Amino acid sequence: MRQSMLFAPTLRETPAEAEIVSHKLMLRAGMIRKSAAGIYTYLPLAQRVLNKISRIVREEMDRENGQELALPIVQPAEIWKESGRWDVYGDEMFRLKDRHNREFCLGPTHEEIITTIVKNEVRSYRDLPLRLYQIQNKYRDEIRPRFGLMRGREFIMKDLYSFDVDEAGLEESYQAMYRAYNRIFSRCGLKFRPVEADSGAIGGNSSQEFMVLAEAGEALILYCDSCSYAANVEKAVSVVSQAATGQEMKAMAKVATPDQKTIEEVCSFLQIAPEQTVKTLFYGTDSGYVAVLVRGSDQVNEIKLGNIVGGNKLYLASPEEVQEVFGLPVGYVGPIGLDPAKVRILADNLVEGMHQVVVGANEAGFHYQYVEPQRDFPKVEYADLRTARAGEQCPHCKGRLSEARGIEVGQIFKLGTKYSKALGANFLDEKGQIMPIIMGCYGIGISRTMAAAIEQNYDENGIKWPMAIAPFHVHLVPVSADQLPVAEELYRELTAEGVEVLLDDRNERPGVKFKDADLIGIPVRITVGPKGLAQGEVEVRFRQTGEEVRWSVGEVARKAKEFVQAALEASEAQADLMSRK
RNA sequence: CGGGGCGUAGCGCAGCUUGGUAGCGCACCUGCCUUGGGAGCAGGGGGUCGCAUGUUCAAAUCAUGUCGCCCCGACCA
């Protein structure tokens, strides 16, 4: 490709709207332009990267017996109503009506439609298993699209759905995708980590997310220093050793705590640690209010809570609401005196082992001291409700948990029979029994992966593409028009070797070309200039390392090809390593 | 949904407080010159000041409304 023909309008200055590195650099490098909030045009450079990522994804899906198909983006409301998600999905779904006033949506995901297809065509266990996938735009009307391609309203996703006859088959499909995902992100040259993820009310403990480690990540990960445990904080559990203080039982006592409403205030007023208090929060749910007790030092994990209470609605009740519904003053609410018949009371597991704790007295200006949970409020349901934190002990070994930020680029998920039952996707087994198909779903954010790759590979001058997903392998830069004939000859030789070359044949000053080259971030830059040519050489700079070498003009094509191949093989080798684990 | 900020040329911004009919840098076009890290000189093109309504002799500027965009937050008692 000749750069004079390339549509890649680079910018010297960063548009004000961009906040994070990948967004800024993609705008500046002429890769993307915004059409509306969370909706972008992919310009040719971005499209080339997306194509490369997609190609890797296709190869790895096909390797695991995936079959590519293309499902409709515009989907009829009926199938969503049948699965029950037309209402559940809420405002996040783009909805539309046709001229006959029939309802449709733009697919935010494709379980409904693919299950419908499979239901109509699959009759027998002989037709299974099936692994079907597509790479296509998804539409989600996010409350707050942000960070460029990181959280868009239109984005590219690979989604594969597996259909098996039993749990063992599902496990096989799930493991196949786990392997494939490890290979894909390795081949893309990314530093990533599979972590345990929340799988919602259904599916149990069988979902993992693939996180690209980067500061800009929206997800918080906890991982063990000494074993392989790693989990999204939404899901993470930890072992906490309780302080051994106050083992003796004392009588509960009311204590005046005027104007001490927050845990912090109460603790400093009573000279105790937050770990010795229990706070009581009220949440509104589909099935009424629940009271949630956790240590004063802990945060309620609303994902865990949501999984226990079920339903769609979950919110922390406002102080006004608590006052109105329960007649209790926020700041002094406690479990003692709450009637389990009237409000469901959930407590975090840690609360059960606490002694001599301080809780609100349900009376403005007062708390109780020396409360013994098992003695003084025995009628509560215990569950894991707290948010685990870095520094706590790994649930699997003696190691410590550390935290890191990650960008979720993929998630694999055992669905079970949720959709097959709702939509009636059954098959006849060997015994002639009607059975629901066992499903799994597996997504990769293709456009987000591109952004994540930049978040992990950049410097102050621009992008540093990993070879496997770079828009081109080699950027050939003649310093001036005098070197253009030599550059053209090298361009022909390199192209003949299968190397993807961008030749900067523009009539620009060298500085402009170098700045653009750094910005666009092609892995190998070959400068053809008078200095080098005087000795029959070109200057080669590797974007990733900054290392510079010289190659003689005659060996450029061979050496470049070798370098490109070595880089690609290295990521393949990494993929082999990762998928074997 | 709540809070904050912004909308003036393709991009980055000034002008607004104190109303008088729009400016700077980059980019773009022409010419000269120049060519190893975003050159220089000269000339030039481009803007319904997001939109609407109002106040006024007069509105980018003041008021009201509206649309769009960005950021933060969404309650831990």
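The chains referred to below are lettered A, B, ... by the order of the sequence lines, with proteins before strands, and numbering in each begins at 1. Keep in mind the model is a prediction, meaning the values are calculated, not measured.
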Salt bridge or not between [X] and [Y]? Use side-chain N to carboxylate O under 4.0 Å.
| X | Y | value |
| --- | --- | --- |
| A/E17 | A/R146 | no |
| A/E500 | A/R48 | yes |
| A/E103 | A/R95 | no |
| A/R541 | A/E548 | yes |
| A/R344 | A/E381 | yes |
| A/R151 | A/E142 | yes |
| A/E363 | A/K254 | yes |
| A/R386 | A/E392 | yes |

So what's [N] paired with, Watson-Crick or G-U wobble, going by both distances under 3.5 Å?
| N | answer |
| --- | --- |
| B/C51 | B/G65 |
| B/A39 | none |
| B/C1 | B/G73 |
| B/C28 | B/G44 |
| B/U17 | none |
| B/A9 | none |

With [atom1] as the reference atom in both, quote the distance from [N] to [M] in angstrom, rounded to an integer.
| N | M | atom1 | answer |
| --- | --- | --- | --- |
| B/U35 | B/U8 | P | 39 Å |
| B/G15 | B/C72 | C1' | 29 Å |
| B/G73 | B/C29 | C1' | 48 Å |
| B/A52 | B/C13 | C1' | 27 Å |
| B/U48 | B/A59 | C1' | 14 Å |
| B/G23 | B/A60 | C1' | 12 Å |
| B/C11 | B/A27 | P | 15 Å |
| B/C57 | B/G43 | C1' | 39 Å |

[X] [atom1] to [N] [atom2]: how many Å, rounded?
| X | N | atom1 | atom2 | value |
| --- | --- | --- | --- | --- |
| A/L314 | B/C76 | CG | P | 15 Å |
| A/N461 | B/G38 | CG | P | 12 Å |
| A/I39 | B/G68 | CD1 | C1' | 13 Å |
| A/K513 | B/A39 | NZ | P | 13 Å |
| A/Y283 | B/C75 | OH | P | 7 Å |
| A/Q535 | B/G36 | CD | P | 17 Å |
| A/D504 | B/G36 | CG | P | 15 Å |

* **Pair A/F542 and A/F563, ring centroids less than 6.0 Å apart** =>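 Between A/F542 and A/F563, the centre distance is under 6.0 Å.
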Is [X] touching bases, backbone alone, or none of the nucleic acid, heavy atoms closer than 4.0 Å?
| X | value |
| --- | --- |
| A/L328 | nothing |
| A/D482 | nothing |
| A/R525 | base |
| A/R33 | nothing |
| A/E265 | nothing |
| A/P530 | base |
| A/G532 | base |
| A/K261 | sugar-phosphate |
| A/K34 | sugar-phosphate |

Polar pairs (N or O, both sides) under 3.5 Å between protein and nucleotides 10-14 of chain B?
| unit_1 | atom_1 | unit_2 | atom_2 | d |
| --- | --- | --- | --- | --- |
| B/G12 | OP1 | A/A16 | N | 2.6 |
| B/G12 | O2' | A/E13 | OE2 | 3.3 |

* Structure fact -> Each nucleotide of nucleotides 1-8 of chain B classed B (base within 4.0 Å of a protein heavy atom), S (only sugar-phosphate) or -, in 5' to 3' order, makes B-------
* **Closest to the A/E19 side chain, choosing from B/C76, B/G37, B/C71** => B/C71
* So which nucleotide from B/G38, B/G36, B/C71 ends up closest to the side chain of A/K531? -> B/G36
* To do: With RNA chain B as reference, determine whether A/D298 or A/R506 sits nearer its 5' end, using the nearest nucleotide of each.
  => A/R506
* **First of A/R146 and A/Y332 reached from the 5' end of RNA chain B, by closest nucleotide** =>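 It is A/R146, whose closest nucleotide lies nearer the 5' terminus.
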Please produce a list of atom pairs where a protein N or O lies less than 3.5 Å from an N or O of nucleotides 33-35 of chain B.
| unit_1 | atom_1 | unit_2 | atom_2 | d |
| --- | --- | --- | --- | --- |
| B/U34 | O2 | A/R509 | NH1 | 3.0 |

* Asked: Judged by atom type as modelled, is there a donor-acceptor pair below 3.5 Å linking the side chain of A/R140 to the main-chain atoms of A/P108?
  -> yes
* To do: Examine distances only and state if a side-chain atom of A/E265 and a backbone atom of A/T262 form a donor-acceptor pair shorter than 3.5 Å.
  =>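 Answer holds: yes.
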* Mind checking what makes ring pair (Phe, Tyr, Trp, His ring centres under 6.0 Å) contact with A/H473, not counting sequence neighbours? ->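 A/H473: no ring pair (Phe, Tyr, Trp, His ring centres under 6.0 Å) contacts found.
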* To do: State which residues pass ring pair (Phe, Tyr, Trp, His ring centres under 6.0 Å) with A/Y289; sequence neighbours excluded, sorted by chain then number.
  => A/F326
* Between the side chains of A/Q271 and A/S268, does any donor sit under 3.5 Å from an acceptor? -> no
* To do: Provide the full list of ring-ring contact (aromatic ring centres under 6.0 Å, His included) pairs with a residue in residues 514-541 of chain A, sequence neighbours left out, each pair given once.
  =>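 Checked against ring-ring contact (aromatic ring centres under 6.0 Å, His included) - neighbours excluded - no pair reaches residues 514-541 of chain A.
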* side-chain N/O A/R12 vs B/G38 OP1/OP2, d < 4.0 Å ->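 No, because none of the side-chain N or O atoms of A/R12 sits under 4.0 Å from OP1 or OP2 of B/G38.
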